[in-house]
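Just the heavy atoms: all of them, side chains too, but no hydrogens, waters or symmetry mates, feed the values below.
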Amino acid sequence: MGRSAFSAPRIEPLIDVFDFANQAERDALSAHVPQLSLLIDDLAALDEGRLDQRDMPETAKLALDALRLARARSTLDELFGRLARRIELLPDTPVGREMLLAVLHYVASTRG
């Protein structure tokens, strides 16, 4: 897998993420790599509408939005104004509260 810019999400088999020295090494280790695929996405190119259409938990959507927006040069009011809808959709459960704390921690870390 090369290191180049991309503009659309792509799905990569996990085995293709590793940079094996040669085919023999790949063959020897492939039995130990789980058979799954990764969705590799350019968050900078992902808009809120496309994110809304994804079949994923609201906690995951909030995480992606926080990663996408937190480094922007906006005020905290602007940032949380953009994240408010996602925060309001979080489940009132320990998982939802943990996600909110993780987002707050991430935002504080990026504003350092």
- Task: Supply the atom-to-atom distance Glu25 CD to Gln23 CD, rounded to the nearest 0.5 angstrom.
- Result: 10.5 Å

- Message: Rounded to the nearest 0.5 Å, what separates atom CD1 in Ile15 from atom OG in Ser37?
- Response: 11.5 Å

Hey, any chance [X] and [Y] share a hydrophobic cluster, counting ILVMFWY side chains that come within less than 4.5 Å of each other, even indirectly?
X	Y	value
Val17	Leu36	yes
Leu43	Leu79	no
Met56	Leu46	yes

Closest contact, heavy atoms only, [X] versus [Y]:
X	Y	result
Arg68	Asp47	NH1-CA, 4.4 Å
Ala66	Leu83	N-CD2, 4.0 Å
Leu90	Met99	CD2-CG, 4.1 Å
Pro91	Thr59	CD-CG2, 4.2 Å
Ala70	Val107	CB-CG2, 4.2 Å
Phe80	Ile87	CD2-CD1, 3.9 Å

Could you check whether atom [atom1] of [X] has more than 12 heavy atoms from other residues, nucleotides or ligands sitting under 6.0 Å from it?
X	atom1	value
Glu48	CD	yes
Gln35	CD	no
Asp19	CG	no

- Item | Residues Arg26, Asp16; criterion salt bridge (charged side-chain N to carboxylate O under 4.0 Å, His left out); working and verdict | CA-CA 9 Å; Arg26 179 187 173 103; Asp16 290 346; 3.0 Å; yes

- Query: Has the side chain of Glu78 got a donor or acceptor atom that lies under 3.5 Å from a matching backbone atom of Ser74?
  - Reply: no

- Return yes if some donor-acceptor pair links the side-chain N/O of Lys61 with the main-chain N/O of Asp55 below 3.5 Å, else return no. no

- Identify whether the distance between the nearest side-chain nitrogen and carboxylate oxygen of Glu88 and Arg85 falls below 4.0 Å. no

- Item | Note, Leu29 side chain near Phe18 side chain (heavy atom, < 4.5 Å) | no

- The single option from Val103, Leu51, Leu64, Leu100 that satisfies side-chain contact (heavy atoms from CB on, under 4.5 Å) with Arg86 is Leu51

- Task: Could you walk me through whether Phe20 and Asp27 pass the side-chain contact (heavy atoms from CB on, under 4.5 Å) test, one step at a time?
- Result: CA-CA 9 Å; Phe20 296 105; Asp27 293 343; over 6 Å; no

- What pairs with Arg82 under salt bridge (charged side-chain N to carboxylate O under 4.0 Å, His left out), at least two apart in sequence or on another chain? none

